[in-house]
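First the structure, in the form of C-alpha cells, and then the observations on it.
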Amino acid sequence: MPSSLANLVSKCTVFPDQKSHVTTLKLSVSDIPMLSCQYIQKGVLLQSPPFCFDDLAGFLKQSLSTTLSHFPPLAGRLMTDPDGHVHIDCNDAGIDFLVVKSPALSLNDILCPGDVPDCVKELFTFDRTLSYTGHFKPLAAVQVTELVDGVFIGCSVNHAVTDGTSFWHFFNTFAEITKGASKISKAPDFCRETVFNSPAVLKFPPGGPTVTFAGDEPLRERILHFSREAILKIKYRANYGSLLTKQTNSEVAGKLSNDNWKSVNSNTEISSFQSLCAQLWRSVTRARNLEPTKTTTFRMAVNCRHRLDPKLNPYYFGNAIQSIPNFASAGELLANDLSWGANLLHKNVVAHDNETVRRGVEDWEGQPRLFPLGNADGASITMGSSPRFPMYNNDFGWGKPLAVRSGRANKFDGKISAFPGREEDGSVDLEVVLAPETMAGLENDAEIMQYVSEMELVN
C-alpha cells in the first residue's frame with residue numbers, strides 16, 4: 001500500500017469486459033517453481049498526459065478491462081486439485097486497480113542519480129506478496145500514481161502465471177488498447193500441450209511455501225547505464241582479449257562503427273549481453289573480496305520458447321524459462337581476462353538447446369522443487385529480466401516512457417535486472433542490488449565504472 005507520502009484515492013476490482021473463453025490452465029514445470037517467488041513488479045514512468053489525471057484513471061480502468069478479456073488467466077485465481085496439481089481458474093474474478101496521488105513526488109525524485117530512492121517502491125502494490133497466495137488474492141494489480149509533473153503506471157503480476165516475456169506482452173497490450181487500438185497486434189497463446197506440461201506434483205507444507213531469501217538484509221540499489229558504444233567496447237574485449245592492445249585506436253574505432261550490435265553468428269561470437277554479464281561477474285566478485293578458492297555462481301534466466309524443437313509460439317503465455325548456472329572460483333575468474341569468463345557464459349548459453357531444455361524438465365520431474373532465489377553463500381549473482389524485452393513499447397497515447405523501474409519484489413544481494421536503454425539502440429540499464437559494502441567496492445572498480453555513463457534526462 002502507498003505510504004503516508006501518497007494518497008490512495010480509490011481502489012477497486014476491474015473485471016474483463018467479456019466472459020473468459022478459457023476455463024482452466026494447469027501450471028507447468030516452469031510455472032510451479034515460481035510459487036515461492038514474489039509477484040513481478042515493473043512499471044513505466046511517463047510525462048503528464050495532455051488531459052487531467054482523473055480522466056486518465058478512467059481511461060486506464062476501461063482499457064484494462066478490455067485487456068483482461070484478451071488475458072483471462074490474469075483475472076482468475078489459483079486452485080489446487082485433489083491430486084495436488086495447481087491450476088489457474090479463469091473465473092473472471094478480476095484484478096486490483098489503485099489510483100494514487102503523490103503531490104510531493106516529481107520525475108526528478110525518481111530519476112535522480114545515485115541510489116534508487118525508496119519512494120519508487122511505493123509505486124507498486126502487492127509488496128512482498130508470494131505467488132502462492134494467488135489461491136486467494138488477485139493474480140495481478142495495476143497502480144497508477146499521479147506525480148507533480150508526471151505519471152507512473154506500475155503493474156504487479158503473479159510470477160507463477162507469467163515470466164518476463166508474458167508480463168511485457170500484457171503490459172504492451174494494455175498500452176496499445178489505451179492508445180486506441182481496436183484490435184491487438186499480438187494475441188497470447190494459451191496452449192498447454194508442451195514439454196513443460198507434466199504429471200509431476202510438488203507437495204507444499206500447510207499454508208504454502210515461504211520466500212527462499214532473507215528479506216530484511218541491508219541493500220543498496222543503483223541503475224548503471226551502459227551506452228551502445230561502451231557495450232561494444234566490452235564486447236570486443238570479450239571476443240578479442242589482448243588482441244585489442246595491439247590495434248590502434250582508429251582500428252578499434254573502425255571495428256566498433258561497423259558493428260551491427262547483434263552477433264552475426266551467435267554460436268561462435270560472444271554476444272554483447274554475455275560480454276556485459278561477464279564484466280559484471282568479474283567486478284562484483286572483486287568487490288566482494290572473496291577467497292581465491294571460493295566458488296562463485298553467475299545464474300542467467302533464459303527464454304526456452306525458441307530453444308525447443310518444435311519451437312513454442314513466441315507469445316506462449318506463462319513461464320517458459322530455465323536457469324543456467326555458471327561456476328568459477330573467484331581466483332580463476334579474476335586471474336584470467338574478461339574473455340575467459342565471457343566464453344564460459346557463452347558456451348553454456350549456446351549449449352542450452354532443445355535436448356538441454358528437455359533434460360531440465362526430466363530432472364525437475366524426478367525431484368520437484370521451488371526455484372532457489374537468493375545468495376545463500378555470499379558469492380552468487382542472479383541475472384533476471386532482459387534488454388530484449390519491449391519495455392519502451394508502452395506508449396499509452398502521449399509518448400514512450402521516460403524510464404522503467406521495479407518494486408521491492410525478489411531483491412537480494414546479487415540480484416541484477418537488465419533493461420533496455422531508453423535510446424533503444426543497444427544501450428542497457430542494469431538494475432544492480434548489492435550489500436552496501438559490495439556496492440561501494442563496485443563503485444570504485446575502474447574496470448567496470450569506466451563504461452558507466454549518466455542517463456540523459458528528458459525534458
Side-chain angles (χ1 to χ4, degrees), residues 224 226-227 229-249 251-252 255-256 259 261-302 323-352 356 375-384 387 413-416 418 426 428 430 432 434-435 437-452:
L224 302 183
F226 297 85
S227 68
E229 291 73 22
I231 293 176
L232 291 178
K233 290 177 181 178
I234 299 173
K235 177 180 178 180
Y236 271 88
R237 276 182 57 219
N239 279 280
Y240 300 110
S242 60
L243 179 63
L244 282 181
T245 63
K246 301 177 182 179
Q247 297 175 312
T248 66
N249 288 336
E251 288 173 327
V252 173
K255 284 190 173 186
L256 292 175
D259 190 281
W261 167 245
K262 293 182 179 179
S263 299
V264 176
N265 188 337
S266 61
N267 287 332
T268 59
E269 186 178 67
I270 299 169
S271 74
S272 299
F273 188 55
Q274 291 159 7
S275 304
L276 180 59
C277 286
Q279 180 61 72
L280 185 74
W281 190 10
R282 285 171 56 82
S283 295
V284 171
T285 298
R286 184 161 41 234
R288 283 175 167 163
N289 293 313
L290 302 172
E291 292 293 328
T293 56
K294 180 70 173 179
T295 298
T296 69
T297 306
F298 192 97
R299 191 177 292 274
M300 307 174 75
V302 293
S323 177
I324 302 179
N326 303 272
F327 305 102
S329 70
E332 193 171 25
L333 182 65
L334 298 177
N336 288 285
D337 62 14
L338 175 67
S339 61
W340 186 88
N343 193 52
L344 179 61
L345 298 179
H346 171 73
K347 285 182 176 179
N348 286 336
V349 170
V350 171
H352 207 87
T356 307
N375 177 22
D377 65 357
S380 297
I381 298 171
T382 298
M383 175 63 74
D413 174 28
K415 175 65 186 297
I416 317 296
V428 174
L430 291 184
V432 179
L434 294 171
E437 63 275 12
T438 304
M439 184 70 83
L442 185 72
E443 291 170 333
N444 288 318
D445 188 272
E447 185 178 333
I448 191 169
M449 294 306 292
Q450 65 178 314
Y451 300 113
V452 176

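Because the structure is a prediction, the values reported are computed rather than measured. All values below come from the heavy atoms of this structure, side chains included, with hydrogens, waters and symmetry mates left out.
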Can you tell me how far the [atom1] atom of [X] sits from the [atom2] atom of [Y], to the nearest 0.5 Å?
{"X": "Leu334", "Y": "Trp340", "atom1": "CG", "atom2": "CH2", "result": "10.0 Å"}
{"X": "Ile270", "Y": "Tyr236", "atom1": "CD1", "atom2": "OH", "result": "12.5 Å"}
{"X": "Asn444", "Y": "Ser283", "atom1": "CG", "atom2": "OG", "result": "11.5 Å"}
{"X": "Glu447", "Y": "Leu280", "atom1": "CD", "atom2": "CG", "result": "11.0 Å"}
{"X": "Ile381", "Y": "Trp281", "atom1": "CD1", "atom2": "CH2", "result": "8.0 Å"}
{"X": "Leu290", "Y": "Thr285", "atom1": "CG", "atom2": "OG1", "result": "6.0 Å"}

Using modelled atom types and a 3.5 Å cut-off, is there a donor and acceptor pairing between side-chain atoms of [X] and backbone atoms of [Y]?
{"X": "Arg288", "Y": "Gly441", "result": "no"}
{"X": "Thr296", "Y": "Ala328", "result": "yes"}
{"X": "Thr356", "Y": "Ala351", "result": "yes"}
{"X": "Asn239", "Y": "Lys235", "result": "yes"}

If you compare all heavy atoms of [X] against all heavy atoms of [Y], which two are closest, and at what distance to 0.1 Å?
{"X": "Asp337", "Y": "Gly241", "result": "OD2-CA, 4.2 Å"}
{"X": "Met300", "Y": "Val349", "result": "SD-CG2, 4.1 Å"}
{"X": "Ser275", "Y": "Leu338", "result": "O-CD1, 4.1 Å"}
{"X": "Gln274", "Y": "His346", "result": "OE1-ND1, 2.9 Å"}
{"X": "Ala278", "Y": "Leu345", "result": "N-CD1, 3.6 Å"}
{"X": "Asp413", "Y": "Ala435", "result": "OD1-N, 3.0 Å"}

Practice prompt. Verify side chain to side chain contact (heavy atoms under 4.5 Å, CB included) between Lys294 and Asp377, making sure each step is shown before the conclusion.
Written response: CA-CA 9 Å; Lys294 180 70 173 179; Asp377 65 357; 3.9 Å; yes
So do the side chains of [X] and [Y] get within less than 4.5 Å of each other, counting heavy atoms only?
{"X": "Asn289", "Y": "Glu437", "result": "no"}
{"X": "Ile324", "Y": "Phe298", "result": "no"}
{"X": "Arg237", "Y": "Gln279", "result": "yes"}

Item to complete: May I have the step-by-step check of side chain to side chain contact (heavy atoms under 4.5 Å, CB included) for Lys415 and Asn375, ending in yes or no?
Response: CA-CA 8 Å; Lys415 175 65 186 297; Asn375 177 22; over 6 Å; no
